[in-house]
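The structure appears right after this line, and notes come after that.
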Amino acid sequence: LAQACKHFLRPRYGIPLKMEGSKGVTLALAASASAFFAARGAVNTFAVSPATTSHLRCGAGAASGEARAKTSCASGSSSSPIVGLGCVAAACATGVAARRRSIKAATSTRAFENELGVQAPVGFWDPAGFTSDGDAYEFRRRRVVEIKHGRVSMLACIGYIVPEFFKWPGYLSVNNGIKFADIPNGLSALKVVPALGWAQYVGFCFQMELFAAYQDDKEEPGKLSSRLVVGTTDVKTVFNQYYFGTYGIPNGPKQTDPEIRKKKLAAELANGRLAMVAIIGMFFQDGLTGSAWGDWALYTASPLRAGPKILEGTGGPFADSFWDPIGLAKGKSDEQLLRWRAVELKHGRVSMLACLGWFHVAAGWHPIGDAAAGARVSDDPLVNMTQLSMGGAWQLVFSLMCVEWVTTYVCKPPKEAPWDLVGWTPLIADPDAQSWKDSQLRELNNGRLAMVGFLGLVAGDLTTGDYVAGIGKSCGGLCEAVIPGIPPIMIPGPMA
């Protein structure tokens, strides 16, 4: 749109325009241009000719938008200037915005990938895209908040542990006759501590936040200092010009070695992140069991409680577990529950085979597919699937139908174990042996993992194009052989 205005409005109508890089300004110019041309068309019956549209180009990065604009405006140039120029404006704005988004997405990650806190094994981890806009101010603000929450969470975890071993002597509230020893640990203390005590706590936090442990915008995130405010003015005196040094000691010694300092700051971030997760886990355990360190046996409403009698011992992840958070099993007959377990196991088995199939194709080992296609097919399993001939696809479908037919009509599994495909368990193992039950439990857990894993493989390939191509290499392609003279372990087949 900027190019359109520069080549069209300025030379023809002498309109001085200052072009900005903002998407909002681009859209505003689009609306203004459409309204301007509409007004000119109403007074002078102005129409856009094909020669004129040649000037309305969006420039580099908006090729698709340019093509759509030229096509739409050429077709409607003689009848409706509003529609024609509106199309140009919208196409140009869309093309420029898309280009800016792609550039920003490519560079925003690089803008923060060397910041403190980018640590192994995940590296720069921002799945929600908070830094996708590349805003340095917002990144700094979030880093300050992260450090503060981490520090508070570390103190909170210590506060959960210490009262188990030590409590202050004397009274918390003399008027109410409440001793420190009477305060229960954890969330139960919220109901025992009087309101005045909580008011003191909030006041202390308020004082630390604004004065005693203040985060100055001029200092790096996490470096706290003191300040005194009179009205709206910061007052500096000898008594309030201190900062928190090593180990939080006011005016304490500074860490001068840059490498050690970086390591310690990174450790603080990592420990704070762990503490944030840990304190939430403590809250949940406290709330569900009624005690800060309560036994999970006290959580009588747990979805991991033993389920229906018919499924006892078949559990997952443990033998006696039964996970049904939305209550699907409530009111269902034993026959229905057994059928659902059989369906679950069937999907798990298919998913485990699917994961194996994905990995050996991604590793470049697909001789049957190469032979069927008469050429080497792709290592990308999703692309490989599209290269399968119709004859091969129908063979696969027919094979699956045969298996279903045999297990449904010819050799039905026993009623009490519908997951036993042909009922051969008593022939190969003792159904009551603990080792066999453990094997069945592993199959169930691995099948559940495979169902989630295969969906993740497909989603990752569709969204990023990464199909785990390094699976056929040593350490998944992440490392090389470290023992001299011993080559990496490779899966047979050509490597991409």
Side-chain angles (χ1 to χ4, degrees), residues 116-117 119-120 122 125 142-173 176 178-216 219-226 242-255 260-299:
L116 190 69
Q119 303 178 31
V122 295
W125 194 66
R142 293 191 178 103
R143 174 50 51 84
V144 169
V145 171
E146 179 186 26
I147 293 174
K148 184 177 297 183
H149 286 168
R151 290 169 175 172
V152 171
S153 296
M154 287 188 279
L155 290 173
C157 290
I158 294 174
Y160 250 97
I161 298 171
V162 170
E164 294 290 328
F165 305 97
F166 171 80
K167 291 184 179 181
W168 292 107
Y171 284 86
L172 171 72
S173 175
N176 296 316
I178 302 175
K179 295 182 178 180
F180 285 103
D182 298 331
I183 305 299
N185 194 9
L187 298 178
S188 300
L190 294 173
K191 299 179 292 185
V192 179
V193 176
L196 185 59
W198 289 116
Q200 293 174 11
Y201 174 76
V202 171
F204 174 78
C205 294
F206 180 83
Q207 186 270 340
M208 293 294 293
E209 179 76 14
L210 295 182
F211 305 109
Y214 175 69
Q215 173 67 61
D216 195 326
E219 300 290 349
E220 61 180 315
K223 186 175 182 180
L224 305 179
S225 59
S226 65
Y242 66 86
Y243 62 89
F244 289 93
T246 306
Y247 304 113
I249 302 173
N251 287 338
K254 296 182 179 180
Q255 178 57 252
I260 295 179
R261 185 172 185 274
K262 182 179 179 180
K263 181 180 179 181
K264 289 183 177 294
L265 290 175
E268 180 190 32
L269 264 175
N271 291 337
R273 291 166 177 172
L274 177 62
M276 285 188 276
V277 177
I279 193 62
I280 293 297
M282 292 179 181
F283 285 159
F284 267 91
Q285 183 171 6
D286 193 346
L288 295 175
T289 65
S291 174
W293 307 100
D295 188 345
W296 282 109
L298 301 174
Y299 180 27

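Every value quoted in this text rests on a predicted model; they were computed, and no experiment measured them. Both backbone and side-chain heavy atoms feed into the values below; hydrogens, waters and symmetry mates do not.
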Under 3.5 Å: donor-acceptor pair, side chain of N271, backbone of A267
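At least one qualifying donor-acceptor pair exists.
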Is the side chain of Y242 donor-acceptor paired with the backbone N or O of A212 at a distance under 3.5 Å, no angle test?
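Checked: pair present.
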Which atoms form the tightest heavy-atom contact between [X] and [Y], and what is the distance?
{"X": "N176", "Y": "P194", "value": "ND2-CB, 3.7 Å"}
{"X": "L269", "Y": "Q119", "value": "CB-NE2, 4.3 Å"}
{"X": "I279", "Y": "Y160", "value": "CD1-CD1, 3.6 Å"}
{"X": "F244", "Y": "S225", "value": "CD1-N, 4.4 Å"}

For residues 162-171, tabulate all N or O donor-acceptor pairs below 3.5 Å that involve a side-chain atom, not counting sequence neighbours.
residue : atom : partner : partner atom : Å
E164    : OE2  : N185    : ND2          : 2.7
E164    : OE2  : W293    : NE1          : 3.3
K167    : NZ   : I183    : O            : 2.6

The criterion is side chain to side chain donor-acceptor pair (under 3.5 Å); which residues satisfy it with R261, sequence neighbours excluded?
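With sequence neighbours excluded, R261 shows a side chain to side chain donor-acceptor pair (under 3.5 Å) to E220, given in chain and number order.
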Donor-acceptor contacts under 3.5 Å from residues 146-153 side chains, at least two apart:
residue : atom : partner : partner atom : Å
E146    : OE1  : R143    : NE           : 3.0
E146    : OE2  : R273    : NE           : 2.6
E146    : OE2  : R273    : NH2          : 3.1
K148    : NZ   : E209    : OE1          : 3.2
K148    : NZ   : E209    : OE2          : 2.6
R151    : NE   : E268    : OE2          : 2.6
R151    : NH1  : G222    : O            : 3.0
R151    : NH2  : G222    : O            : 2.9
R151    : NH2  : E268    : OE2          : 3.1
S153    : OG   : H149    : O            : 2.8

Would one find more than 12 heavy atoms of other residues, nucleotides or ligands at under 6.0 Å from atom CZ of F204?
no
Just verifying a value: how many Å separate T289 OG1 and F284 CZ, rounded to the nearest 0.5 Å?
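Nearest 0.5 Å value for the OG1-CZ distance: 12.5 Å.
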Roughly how far, to the nearest 0.5 Å, is the OG atom of S173 from the CG atom of D182?
11.0 Å
